[in-house]
Amino acid sequence: MADTDGKNGGAPESKTPAGNGRRSTLAALLEDSKAIRQRAIEEIKALKQPQKTVLWKSMFRVKHDETARSRALGVLTNVFLHLHPAKINRDAVRYSYTWGMGGISFYLYIVLVFTGVLLMFYYHPTKVVAFRDILYLEHDVPFGKLLRNMHRWAAHLMVITVELHMFRVFLTGSYKPPRQFNWVVGVILLVLTLLLSFTGYLLPDDQLGFWAVTVGTNMARATPLLGHDGPFGPQLGMTPFNDVRFGLLGGSIVDANALLRAYIWHCVALPIIASTFMIVHFWRVRKDGGISGPAPVMLESEIKEPRKL
Amino acid sequence: MDWHQLWTILTTPDNIPITALLFLVPFYTWYGLRQALANDRLIAQLEANPEMAKTHHRKVYPYKPGWPREVHVWPYLLRIELLAAIVVTVILMVWSITLDAPLEEPANPNLTMNPSKAPWYFLGLQEMLVYFDPWMAGVVMPTLIILGLMAIPYIDENPLGNGYYTFRQRKFAILTFIFGFIVLWVSMIVIGTMIRGPGWMWFWPGQTWDHNKLIFEVNRDLPDIAPFSYIPGIKTQPVRGLFGAAVMGIYVVLAGWLIHKLITLTPFNRKIYARMSLLQYVVMQFFLITMLLLPVKMLLRLLFRIKYIWVTPWFNI
């Protein structure tokens, strides 16, 4: 206070000590607010360049200038983009080569996780209310019908895109060395995609799902050695109450336990397993040298002799 | 012609993916093979002209010396990914707004759906149930499909065609995969979805699904058909089982011989064959012989009404 007074030299009206004090305080307050206002204006002006702020810098860590280095760093220092290299083969971005099916499959998986989690808020995996929950979703929950439709169609679409992805990888010979093992991981992911879709089929607890799962799991009773209807099953002591089908359904018929098991496989176990394999799949794409091509064509005369064991 | 029946099948919400497959699979097959043929023309050109092969950049895409070989991921890849995500989202939104996911009556174990079908992606397996017992169609075959797919990179010794579309350099591999994927997997799904009606009977597109349709077809086992039915003791085990084992043995030898002929058909095929180890060869023969069993049994059933080849007290094939 005293400092401010001294700097301003006091107001001319200030005669009495009491009045002087009151007036100078008021003036000082006005001065202060002016200074604060000035500072606020300056700071707001500075916001026109948000990338200069501490907040921005702390989030993104690197400058985003119009330079090649910044572009590369923008990809490399971002947790969501760091699976990408900074630069790729100029032809690898062609849709005609990749068909984009792998990336679309992953995107659909994200859509499915998102819509699936939202659906979980409205769904109880019990025989009494499961079907009613679906009716509730369809008729009362805001956008519930859209949510369920999107989840189902994205699941179907994902099966198609995963199969087309496999088809493309085969046609381009991308499973050849050094990418053999990633093809194996991909086959596991295909199986997991089908299992995820299949376990979800039962959850509405309607006739469609019930009979589809009955047909599906009836095959398990015919498992050789492990099913009570399968070759050598009865000889090994398999009955409807201890075979592999019993393990899948948690009972000898598709009932409450089967619903709960399907729910847990569908919402917890399989997504975790699938996510793990996906992480490995994407990691291996990078570690095996990025996507396979389009590579320069090789001629028959250039085949090297195979390595002998 | 029952157009209404056809329309009902094609537009059942859960059948839309198969209707989509009918367009997507042929399109992408054409799309891939078109590029394969373009590359094949380039390969033929380069093989005819070794001087050109030394300097050519070896792709069908335009390239001039001095052009950068690599581009930045941001923006050249990420913008495509963003665009793809938007397009997929829009497709999914429109699809979800216009078509409702199916919801039938509450599950009722006392009321069997007819036809009761598995989800569409398993209809190939369900269709296989017509030709094989459940332990084969539902357990052994799917397991072998998965293992066989996993084995592909380890039995394909052809070093050509790594990272580019080609047909000429990988004829056997590509034709085998197309046979397995399109002829066996996708077409069986289409049959299971569109052709099979009540009682899992065959209804041509446009034929009315008649729930009272009965077909008096007698499927017989191979040992019961002349001339094999005259073999003494063929009606009883163990002759019946041993006969089946012998027929299966003959099938394995014949199929193996046919496959061997195919993989040593051309000089190039023989060159690749020479690179294969014994283990690779045996594994490949095993999977291909098993795969061929499906069309063989389909033909036996559809042409000769034969149910089982090999009848034993424990299992039938």
Side-chain angles (χ1 to χ4, degrees), chain A residues 71 74-75 84 86-91 93 96 100 103-104 107 131 134 146 148-150 152-154 156 159-160 164 170-173 175-176 180 183-184 187 191 194 198 201 204-208 210-212 215-216 219 222-224 230-232 292-299 303 306, chain B residues 17 21 24 28 32 35 39 42-43 46-47 53 58-59 61 69-74 76-77 80-81 84-85 88 92 95-96 100-108 113 116-119 121-122 134-135 138-139 146 149-150 152-154 159-165 170 177 181 275 314-315:
Chain A
R71 278 186 188 165
V75 173
H84 289 305
K87 279 180 153 190
I88 46 164
N89 186 329
R90 62 177 292 121
D91 297 317
V93 294
S96 60
I104 291 175
Y107 177 67
F131 186 77
I134 305 298
L146 184 68
R148 182 168 117 80
N149 291 350
M150 270 190 93
R152 192 176 187 98
W153 302 139
H156 282 343
V159 174
I160 294 177
L164 286 176
F170 188 90
L171 283 183
T172 55
Y175 59 82
K176 298 190 176 197
Q180 303 104 313
W183 167 271
V184 176
V187 173
V191 175
L194 296 177
F198 184 63
Y201 222 69
D205 199 30
D206 64 342
Q207 281 284 68
L208 197 66
F210 178 84
W211 287 104
V215 169
M219 299 208 188
T223 311
F232 308 109
S292 58
V297 298
M298 199 174 143
L299 303 183
I303 297 178
Chain B
L21 267 185
L24 285 174
Y28 278 106
Q35 295 177 74
N39 275 335
L42 176 67
I43 289 164
L46 294 180
E47 268 169 353
R58 297 202 170 194
K59 292 182 193 178
Y61 310 121
R69 286 189 179 276
E70 290 189 318
V71 292
H72 275 285
V73 161
W74 170 254
Y76 298 105
L77 178 60
I80 295 173
E81 291 179 345
V88 172
L92 212 54
W95 189 357
S96 303
D100 284 341
L103 186 68
E104 306 271 339
E105 291 160 33
N108 183 355
M113 297 257 288
S116 70
K117 292 189 177 183
Y121 37 84
F122 286 147
W135 68 275
V139 186
I146 296 165
L149 283 172
M150 286 177 174
I152 287 174
Y154 301 101
L160 297 182
N162 187 346
Y164 55 91
Y165 292 95
R170 298 175 60 215
F177 194 83
F181 177 61
R275 295 167 69 96
W314 312 284
F315 63 86

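So you know, we letter chains A, B, ... as the sequences are listed, proteins then strands, and number each from 1. These numbers come from the heavy atoms of this one structure, side chains and all, not from hydrogens, waters or symmetry mates.
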Determine yes or no for a side-chain-to-main-chain donor-acceptor pair under 3.5 angstrom, with [X] supplying the side chain and [Y] the backbone.
{"X": "B/Tyr121", "Y": "A/Phe198", "answer": "yes"}
{"X": "A/Lys176", "Y": "B/Pro159", "answer": "no"}
{"X": "A/Gln207", "Y": "B/Asn108", "answer": "yes"}
{"X": "B/Gln35", "Y": "A/Ser96", "answer": "yes"}
{"X": "B/Tyr76", "Y": "A/Lys87", "answer": "no"}
{"X": "A/Arg152", "Y": "B/Asp100", "answer": "no"}

Engaged part of B/Val73 at the chain A interface, taking heavy atoms whose separation is under 4.5 Å: both
Bottom line for B/Lys117: the part with an atom under 4.5 Å from chain A's heavy atoms is backbone
If I measure from the heavy atoms of chain B, does A/Leu164 come under 4.5 Å with its side chain, its backbone, both, or neither? side chain
Heavy-atom distances under 4.5 Å only: say whether A/Val184 touches chain B with side chain, backbone, both or neither. both
Would you call the rings of A/Trp153 and B/Trp95 parallel, tilted or perpendicular if under 30° counts as parallel and over 60° as perpendicular? parallel
Quick one: which of B/Ala101, B/Pro134, B/Gly138 has the most heavy-atom pairs under 4.5 Å with chain A, could you say? B/Ala101
B/Phe181, B/Tyr165, B/Phe177 screened by ring pair (Phe, Tyr, Trp, His ring centres under 6.0 Å) with A/Phe170, the one that passes: B/Phe177
Closest heavy-atom pair and its distance - A/Asn89, B/Val71: O-CG2, 4.3 Å
Could you check if a side-chain atom of B/Leu103 sits within less than 4.5 angstrom of a side-chain atom of A/Arg148, using non-hydrogen atoms only? yes
In terms of heavy-atom pairs under 4.5 Å with chain B, the winner among A/Leu299, A/Val191, A/Ile160 is A/Leu299
